[in-house]
4 protein chains.
Amino acid sequence: MVKQHKKKDLRRKQIIEAAIEVFGNNSFKEASISEIAQRAKIAEGTIYQYFKNKEDLFFSIPAEMIEEFWDELDLHLQGIHDSFNKMSKFVWFYLYHFKMNPAYARSMMLEMRVSKNFSKSKTHDKVVWIYERVLEIIKEGQEEGLIRKDVEGYAIREMLMGMLEARLTRWLLKDEKFDLMENYGEICDLIFNGIKSSAASNWGSSPQSMKLLNIAN
Amino acid sequence: MVKQHKKKDLRRKQIIEAAIEVFGNNSFKEASISEIAQRAKIAEGTIYQYFKNKEDLFFSIPAEMIEEFWDELDLHLQGIHDSFNKMSKFVWFYLYHFKMNPAYARSMMLEMRVSKNFSKSKTHDKVVWIYERVLEIIKEGQEEGLIRKDVEGYAIREMLMGMLEARLTRWLLKDEKFDLMENYGEICDLIFNGIKSSAASNWGSSPQSMKLLNIAN
Amino acid sequence: MVKQHKKKDLRRKQIIEAAIEVFGNNSFKEASISEIAQRAKIAEGTIYQYFKNKEDLFFSIPAEMIEEFWDELDLHLQGIHDSFNKMSKFVWFYLYHFKMNPAYARSMMLEMRVSKNFSKSKTHDKVVWIYERVLEIIKEGQEEGLIRKDVEGYAIREMLMGMLEARLTRWLLKDEKFDLMENYGEICDLIFNGIKSSAASNWGSSPQSMKLLNIAN
Amino acid sequence: MVKQHKKKDLRRKQIIEAAIEVFGNNSFKEASISEIAQRAKIAEGTIYQYFKNKEDLFFSIPAEMIEEFWDELDLHLQGIHDSFNKMSKFVWFYLYHFKMNPAYARSMMLEMRVSKNFSKSKTHDKVVWIYERVLEIIKEGQEEGLIRKDVEGYAIREMLMGMLEARLTRWLLKDEKFDLMENYGEICDLIFNGIKSSAASNWGSSPQSMKLLNIAN
DNA sequence: AATGAATGAGAATTCATTCAT
DNA sequence: AATGAATGAATTCTCATTCAT
């Protein structure tokens, strides 16, 4: 019985791995069940024994990968107690994880995230969960006095994740031609210190400058 | 003769407008020529008198819009001579432009940018051109002493555009539920000053902290 | 008035000439009215002022050409009074005519002749008329004692035209790579004398051999 | 397994048979996949499981038929050892074969042979192969002293096949109104002995007559 | 008489999903 | 549980012909 179960899980994994490759190199519509079946060395019909339909298979990919991501990240975070290093580690591992799984990165960033139904899927909950963990780290940082308190944690998170997602996207669109992790320190620096020259007066935080930004809407 | 020409231009515009709506609410594959024709109140065949095929029509959308974007931005930039305000204006207008054209934003950000052939299309050149203009503004800012010189202009641009694209994407994925421009000042602030608490020691720029960032790859 | 008429005829000719080229390089379905119009340097609509529809234009091509063919052949036959030379001249001119008009040859042999409606068209009558002229020459030959009388003129004509059409077809299918008129004498020889070795006993004309040909149907 | 395979072959045959009928009564363009599917009593999509596309299906027809043609002809040639009878048998079987398969004859002679891509197709190789077999028989005849040696085998073959193809074509264009095999003996006679009256002097083979044939090109 | 923009019917092909074996 | 043959809906694109100017 146990053996049976294991065999099922193995088959599932086998299909998902084939799916990652195929969805990674093709848009959702372009990717074909038949190619996935071929890669997994099974019959097309068999896929429907494990997944309800094509979309179900598609959305099952990150469910697996995010779990893995968090488990490994958790290990990396062990023994780190200051939020500064936690954050730095998160940035590093985020990039590292996708660098190691480019096909997955591709379908996740360029297709899944952007698809209409994804936000309603169970898998999306896991993404949300990760985002909440990030927010926690940021809030810790604010408590510790490392991160500005005059800006909401949400905004900080938006900036942090936006930067990471933007770089990841650029890397994928440039066909992984540059090293995703090059200048990783510089990214952290920019996130932390901003783009302002140290000589320059503050931008945006002084009442005067706020006036300058005449926001129409 | 002139009248004829105008009529052709009008028809073209009419088709593009219908296409923006349809592509904005559906993925490229889901969008159908027949729906576009219906919306434009013309026969399907007529579309093929103006565009080579479905993809040509798709890629013609930003070609039109980017031109418009730059022309209007240009007006807004008139009379502004310091890079600080130029940048601020760019941020503002970028968000404003997409806020005013959400269907276009949707197809541009969530579909086009991500499509395999887009980077080879003529339209992509226009995107590149905009990015070059942004880099110029940044370099001006560096000359004026407003923006850090210890980081390459490219990296600054990546941060700036990454932040904007990330917010735009989040806005679209949240179904435009929040105001794209709310906290616009805060975004500028974060870009400019970073997330660091003013009390905190520098992150990333001091030799010690650099050591902490043990980059494995 | 007369001038008007001439202008019309000129236009017609102009369209037919363009059509010969286009139909010569494409099958009837592949050939497009728009390409013919382009070649003729007129608008598509104009073609419909001169021809009822695409098929009408197609079938009008040989109507023009056959007339020309016969007129010129007639000149060549002037002064020739024995059927031997008339026939020889016919063979020569048939090949020569098509050699000089390969695009026309192509549409005539490979498309028109083979098309369902051609035999019902007015043009087809002209083809029939030519065939009748050939039969006359053959009968003359039989009267003069040059050509066998034990075989019906129709059968002789079938052989003669079959040989010519077969060579023409082969020439076109081989992309006009060989000279259509090479060995023209040999063709005549074979038609005249057959393939039998002079040493061999008669084939087919003796009662015995007829028995050998046990025709089942 | 064997059963499965047989089933697939059967389906293929079933589609080809439907295709022969439909292509036999329509030009390639006019023939529709949907009609073929209807006739074969299967879904349109099924055709694409067996053939790459419409053209592949079209060209697969003679591939099947030529094989059959040769196999049967081979049986008929068994026990015949003189080239005279081999040739006679070939002529007979060629006509008989097409008489029995008029729809196939139609698509083969009036469409396929004439189509641009056919000469590049694999199927065309089979036609070439048949032609080579015919040449062999002719050369045998020359060795045996039955057939003239003063004319190249190729020319003899051109005459022979030209006559057959011409008759076949005429039969098809006349809507099979006459009996394809009537006067079959007469055809053989003409091929063998030519059209010349036995009383007439040689035509084309004497030096004088060659002069008469003043070939301009 | 000439134009050429607009039409819209028509056909090939793809592929996720089902289901009998 | 696994298979893979069969399905058929759905969609792009072409092009002869028309007709208002």
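Numbered from 1 within each chain, the chains take letters A, B, ... in sequence-line order.
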Rounded to the Å, how far apart are [X] [atom1] and [N] [atom2]?
X	N	atom1	atom2	value
C/L57	F/dC15	CG	C1'	15 Å
B/I42	E/dT7	CD1	P	7 Å
A/R11	F/dA1	CZ	C1'	9 Å
D/K54	E/dG10	NZ	P	15 Å
B/K29	E/dT14	NZ	P	11 Å
C/E35	F/dT14	CD	P	15 Å
C/I33	E/dT3	CD1	C1'	15 Å
B/L10	E/dA5	CG	P	15 Å

Let me confirm one number: the CG-CD distance from B/N25 to B/E35, rounded to the nearest 0.5 Å.
8.0 Å

Just how far is it from atom OG1 of D/T169 to atom CE of C/M109, taken to the nearest 0.5 Å?
10.0 Å

Would you classify [X] as touching base, sugar-phosphate or nothing, given that sugar-phosphate means primed atoms plus P, OP1 and OP2, and contacts are heavy atoms under 4.0 Å?
X	value
B/F51	nothing
D/A31	sugar-phosphate
B/Y50	sugar-phosphate

What nucleotide among [options] has an atom nearest to a side-chain atom of [X]?
X	options	result
D/N53	E/dT13, E/dA5, F/dG4	E/dT13
B/E44	F/dC13, E/dG8, E/dA12	F/dC13
B/T46	F/dT12, E/dA16, E/dA6	E/dA6
B/Q49	E/dA6, F/dT3, F/dA2	E/dA6
B/S32	F/dT12, E/dA6, E/dA12	F/dT12
D/Y48	E/dT13, F/dC13, F/dA16	E/dT13

State the pairing partner of E/dA1; accept Watson-Crick or G-U wobble contacts with both distances under 3.5 Å, and report none otherwise.
none

Among A/N53, A/I36, A/D56, exactly one meets side chain to side chain contact (heavy atoms under 4.5 Å, CB included) together with A/I47. Which residue is that?
A/I36

My understanding is that only one of A/F23, A/Y104, A/F118, A/F51 makes a ring pair (Phe, Tyr, Trp, His ring centres under 6.0 Å) with A/F58; could you say which?
A/F23

Using modelled atom types only, decide if a donor and an acceptor are shared between the side chain of D/T123 and the backbone of D/F59 within a distance under 3.5 Å.
yes

Quick check: on DNA chain F, is the nucleotide nearest C/E55 upstream (toward 5') of the one nearest D/G45, or the reverse? Name the residue that is more 5'.
D/G45

